[in-house]
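Ligands are counted one by one from 1 in listed order, and the atoms in each one are counted from 1 as well.
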Amino acid sequence: MVQLHETLETILAEVMRRNAGEPEFHQAVREVLESLNTVIAKRPEYAEEALIERICEPERQIIFRVPWIDDSNQVRINRGFRVQFNSALGPYKGGIRFHPSVNVGIIKFLGFEQTFKNALTGMPIGGGKGGSDFDPKGRSDREIMRFCQSFVTELHRHIGEYTDVPAGDIGVGGREIGYMFGQYKRLTNRFEAGVLTGKGLLYGGSRARPEATGYGNTYFTRAMLGTKGLDFDGRTVVVSGSGNVATYTIDKVTQYGGKVIACSDSNGYVVDENGIDLGLVKEIKQARRQRIAEYARLKGEGKGVYYVAGGSIWDVPCDVAMPSATQNELTGKDARKLVANGVIAVGEGANMPCTPEAISVFQHAGVLYAPGKAANAGGVATSALEMQQNASRDSWSFEQTEARLAAIMRGIHDLCAETAEEYGAPGNYVMGANIAGFVRVAEAMRQQGVI
Ligand code: NDP
Ligand code: 2IT
């Protein structure tokens, strides 16, 4: 652990006291504060007027009851959250997560990270995050619809195209956004396309939004490899998860000549030494909504195809690791295993998937490491492009949208690399991303007075 400057240590202690029992939030704040050691030495104005303390305190936190009726007519209760973290750069923007592990600390860490990520994109969006402890697994389509309708019946009064613009995250994809949009429209009597992103193409969605996070991480990781004269071509890659981010990471890595040999879900991982068959993953996950174990069953075990229940996907030797499932899924032990197996780069598709110990292992071993708040920013950046299309009542081609995404990711990569260099930590993308994101948010807040 990096020793914090005295001022920052005091700020962290206060954040931990005020947000007791929220370890993920503490972890996310600590990482950013560690990067600010050099900033406050160089730019002392950023330690004045409680600017850092204000950035660590969400502007607004909403917690609400979500009652709904299941298929057996039983009344169920879940808890809904929206943390509106920071609006210095634009309306709050960030996804909604449906997962039983969701609590206020998880949503807070995600909203905090989102604020800096959104700043890095250069788009006019503030940071927010929401969700529920609702578990969509095994629920019928009708149950999902009723849940989404009830969730938005409360959420609708807090969101809007100029206020707060949610999108998807774990457990929330195109289907759920559709149900939420439909209910928002009924409640407000407004076809307000810009209130949600990740919509279907027929009613204001953007081309390339489903692909954007996975594609974006691939562009970022490729740019990072490029700084050492390396590329994906001929490399073996392991991608954890098999949801939205993982799927389109596999797609783009394969297009660049990489061979993705493993992916996973929360039950276990599948290895296919011939290269993961993406069509089959999509059939299992998007059409049938089944477990990844089905992959090995349908392909037939043997000939380089096998499924491992439980276990760690990071035991599979690879050149590039792209964690794309959830927070803290890659531990220090996993990182040591990856390093021993010769990993050269790690690109985070998920939010905070590597533990602090894992990051430290990679950095000390000289492994190229791209933090999620920079590498996975392509999703939210394309959401901002969706808002732009909605505002101008336009619809861009796939090629045009993807070209904008690629340019934004190149911009984020270069900004992080240059900022790391400027602050005396060349090649350290964690420092680069945290400092560049922080400076943009902090500067906008300074110009707007004590807010
Ligand atoms: P999905 O719901 O589409 O997929 C999530 C995948 O991760 C599933 O395979 C899921 O397995 C697995 N997973 C989820 N929770 C756990 C867990 N606790 N342990 C092990 N595996 C788990 O979500 P996304 O692909 O959208 O999101 C993945 C990550 O990327 C998240 O960290 C999210 O915050 C981040 N992200 C998403 C963006 C987006 O645009 N969607 C943008 C930027 C970041 P199972 O089905 O078994 O639960
Ligand atoms: O973590 C993320 O950046 C997302 N889940 C996407 C947010 C968005 O508003 O598109």
Side-chain angles (χ1 to χ4, degrees), residues 24 90-102 106-107 109-118 120-121 123 125-131 135-138 159 164-177 195-199 205-206 208-217 220 239-250 263-270 281-282 284-286 289-293 310-313 322-330 348-354 371-387:
E24 295 84 3
Y92 309 108
K93 180 86 197 85
I96 290 178
R97 175 178 293 190
F98 291 166
H99 194 272
S101 64
V102 164
I106 299 261
I107 299 299
F109 114 66
L110 289 163
F112 182 75
E113 294 264 303
Q114 195 81 47
T115 299
F116 303 108
K117 180 196 306 192
N118 294 4
L120 289 173
T121 67
M123 310 294 286
I125 42 179
K129 201 84 187 191
D135 186 358
K137 280 203 191 74
I159 61 176
D164 183 354
V165 183
D169 194 81
I170 291 175
V172 177
R175 173 180 62 168
E176 292 74 19
I177 293 292
V195 68
L196 289 166
T197 60
K199 299 181 294 296
S206 174
R209 176 63 188 88
E211 292 84 355
T213 311
Y215 279 20
N217 184 22
F220 191 106
V239 177
S240 63
S242 49
N244 171 269
V245 179
T247 299
Y248 295 102
T249 303
I250 297 171
C263 66
S264 63
D265 62 22
S266 58
N267 294 96
Y269 65 91
V270 64
V281 173
K282 284 186 178 173
I284 294 165
K285 288 292 168 183
Q286 295 177 5
R289 296 183 186 271
Q290 288 175 334
R291 305 280 76 209
I292 203 67
S312 171
I313 192 173
M322 302 179 82
S324 307
T326 195
Q327 65 275 355
N328 293 327
E329 56 160 305
L330 197 163
E348 292 188 333
N351 286 307
M352 211 166 79
C354 295
K373 66 167 77 69
N376 74 32
V380 75
T382 307
S383 279
L385 299 179
E386 183 171 330
M387 291 162 72

Legend entry - Contact partition for Asn351 relative to ligand 1, non-hydrogen atoms under 4.0 Å: both
Legend entry - Nearest neighbour of atom 30 (O) of ligand 1 from the list Ala350, Gly168, Ala167, on a heavy-atom basis: Ala350
Legend entry - Mode of Ser264 contact toward ligand 1 - side chain, backbone, both, neither (heavy atoms, under 4.0 Å): backbone
Inset, instruction - Carefully, step by step, assess Val270 and Cys263 under the rule side chain to side chain contact (heavy atoms under 4.5 Å, CB included). - result: CA-CA 6 Å; Val270 64; Cys263 66; 3.9 Å; yes
Legend entry - Those atoms of ligand 2 less than 4.0 Å from some heavy atom in Lys129: 1 (O), 2 (C), 4 (C), 5 (N)
Legend entry - Between Asn351 and Lys117: side-chain donor-acceptor atoms closer than 3.5 Å: yes
Legend entry - Residue pair Ile159 / Pro166, side-chain heavy-atom distance below 4.5 Å: yes
Inset, instruction - Taking only heavy atoms of Gly94 into account, list the atoms of ligand 2 that are under 4.0 Å away from them. - result: 7 (C), 9 (O)
Inset, instruction - Between Ser266, Ala212, Gly216, Gly94, flag the one that comes closest to atom 21 (N) of ligand 1 by a heavy atom. - result: Ser266
Legend entry - Closest contact, heavy atoms only, Ala374 versus Phe220: CB-CE1, 3.8 Å
Inset, instruction - Do me a favour and list the nearest non-hydrogen protein atom to atom 13 (N) of ligand 1 with residue, atom name and distance? - result: Ala325 CB, 4.0 Å
Inset, instruction - Give a yes/no verdict on whether any heavy atom in Gln327 is under 4.0 Å from an atom of ligand 1. - result: no
Legend entry - Min side-chain heavy-atom separation Lys137-Ser266 under 4.5 Å: yes
Legend entry - Minimum-distance protein heavy atom relative to atom 4 (O) of ligand 1: Gly243 CA, 3.3 Å
Legend entry - Pairwise side-chain contact, Thr247 with Val239, heavy-atom cut-off 4.5 Å (strictly under): no
Legend entry - Check against side chain to side chain contact (heavy atoms under 4.5 Å, CB included), Phe98 and Val102: CA-CA 7 Å; Phe98 291 166; Val102 164; over 6 Å; no
Inset, instruction - Run the numbers for me: atoms of ligand 1, each under 4.0 Å from some heavy atom of Gly241, listed by number. - result: 9 (O)
Inset, instruction - Among all protein heavy atoms, pick out the one at the shortest distance from atom 19 (N) of ligand 1; state its residue, atom name and that distance to 0.1 Å. - result: Thr326 CG2, 3.8 Å
Inset, instruction - Please could you name the atoms of ligand 1 that Ser324 approaches to less than 4.0 Å, counting only its heavy atoms? - result: 28 (C), 29 (C)
Legend entry - Side chains of Arg209 and Leu385 in contact at under 4.5 Å (non-hydrogen atoms): no
Inset, instruction - Could you pull out the closest heavy-atom pair between Lys285 and Ser242, with the gap in Å? - result: CE-OG, 3.1 Å
Inset, instruction - State whether the shortest distance between N or O atoms of Asn376 and N or O atoms of ligand 1 falls below 3.5 angstrom. - result: no
Legend entry - Between Thr197 and Lys93: side-chain donor-acceptor atoms closer than 3.5 Å: yes
Inset, instruction - Just do the side chain to side chain contact (heavy atoms under 4.5 Å, CB included) check on Glu176 and Ile96 with the steps written out, would you? - result: CA-CA 10 Å; Glu176 292 74 19; Ile96 290 178; over 6 Å; no
Legend entry - 4.0 Å heavy-atom contact, Glu113 with ligand 2: no
Inset, instruction - Could you find the nearest protein heavy atom to atom 25 (O) of ligand 1 and give me its residue, atom name and distance? - result: Val245 N, 2.9 Å
Inset, instruction - Consider every N or O of Arg291 and every N or O of ligand 1, then say whether any pair is closer than 3.5 Å. - result: yes
Inset, instruction - Please write down residue, atom name and distance for the protein heavy atom closest to atom 39 (C) of ligand 1. - result: Thr213 OG1, 3.4 Å
Legend entry - N or O contact, Gly168 vs ligand 2, cut-off under 3.5 Å: yes
Inset, instruction - With side chain to side chain contact (heavy atoms under 4.5 Å, CB included) as the test, would you mind laying out the steps for Met322 and Val245 before giving the verdict? - result: CA-CA 10 Å; Met322 302 179 82; Val245 179; over 6 Å; no
Inset, instruction - Of the side chain and backbone of Thr382, name the one, both, or neither that has a heavy atom under 4.0 Å from an atom of ligand 2. - result: neither
Legend entry - Taking atom 15 (N) of ligand 1 as the reference point, the nearest protein heavy atom with its distance: His99 NE2, 3.6 Å
Legend entry - Atoms in ligand 2 flagged as close to Ala167, the criterion being non-hydrogen separation under 4.0 Å: 8 (C), 9 (O), 10 (O)
Legend entry - Gln286 and ligand 1 - part of the residue with a heavy-atom distance under 4.0 Å: neither
Legend entry - For atom 2 (C) of ligand 2, closest protein heavy-atom neighbour: Lys117 NZ, 3.2 Å
Inset, instruction - Return the minimal non-hydrogen interatomic distance between Gly349 and Ser324, and the atom names on each side. - result: CA-OG, 4.0 Å
Inset, instruction - Decide yes or no for Ile125 and Gln114: does some side-chain heavy atom of the first lie under 4.5 Å from some side-chain heavy atom of the second? - result: no
Inset, instruction - Pull out every atom of ligand 1 sitting under 4.0 Å from any heavy atom of Ser242, numbered as shown with elements. - result: 9 (O)
Inset, instruction - Please confirm whether Lys285 comes within less than 3.5 Å of ligand 1 when only nitrogen or oxygen atoms on both sides are compared. - result: no
Inset, instruction - Please report the shortest heavy-atom distance between Ala350 and Glu329, naming the atom on each side. - result: CB-OE2, 4.1 Å
Legend entry - Atoms in ligand 1 with a heavy atom of Gly171 nearer than 4.0 Å: 2 (O)
Inset, instruction - Could you tell me which non-hydrogen atom of Glu386 sits nearest to which non-hydrogen atom of Gly205, and how far apart they are? - result: OE2-CA, 3.6 Å
Legend entry - Arg97 vs Thr326 side-chain heavy atoms within contact, under 4.5 Å: yes
Inset, instruction - Compare every heavy atom of Ser264 with every heavy atom of Ile292, then report the nearest pair and how far apart it is. - result: CG2-C, 4.0 Å
Inset, instruction - Please tell me if the side chains of Phe116 and Leu120 come closer than 4.5 Å, counting only heavy atoms from C-beta onward. - result: no
Legend entry - Nearest protein heavy atom with distance in Å, relative to atom 3 (O) of ligand 1: Asn244 N, 2.9 Å
Inset, instruction - Assess Arg209 for proximity to ligand 1: is some non-hydrogen atom of it under 4.0 Å away? - result: yes
Inset, instruction - Looking only at protein heavy atoms, identify the closest one to atom 9 (O) of ligand 2 and say how far it is in Å. - result: Lys93 NZ, 2.6 Å
Legend entry - Asp169 (side chain) donor-acceptor with Gly95 (main chain) under 3.5 angstrom: no
Inset, instruction - Distance to 0.1 Å, residue and atom name: give those for the protein heavy atom nearest to atom 7 (C) of ligand 2. - result: Gly95 N, 3.5 Å
Inset, instruction - State whether the shortest distance between N or O atoms of Asp169 and N or O atoms of ligand 1 falls below 3.5 angstrom. - result: yes
Inset, instruction - List every atom of ligand 1 that sits less than 4.0 Å from any heavy atom of Lys137, numbering the atoms from 1 in the order shown and giving each element. - result: 45 (P), 46 (O), 47 (O), 48 (O)
Inset, instruction - Below 4.0 angstrom from a heavy atom of Arg97, which ligand 1 atoms are there? Numbered from 1 as shown, please. - result: 31 (C), 32 (O), 33 (C), 34 (O)
Legend entry - atom 27 (O) of ligand 1 - nearest protein heavy atom and its distance: Ile170 CG1, 3.7 Å
Legend entry - Ile177 and Val172, any side-chain heavy atoms less than 4.5 Å apart: yes
Inset, instruction - With heavy atoms of Arg209 as the reference, note each atom of ligand 2 found under 4.0 Å away. - result: 6 (C), 8 (C), 10 (O)
Inset, instruction - Give the atoms of ligand 2, by number and element, whose distance to some non-hydrogen atom of Ser383 is under 4.0 Å. - result: 8 (C), 9 (O), 10 (O)
Inset, instruction - Could you list which atoms of ligand 1 come closer than 4.0 Å to a heavy atom of Gly349? - result: 30 (O), 35 (C), 36 (N), 44 (C)
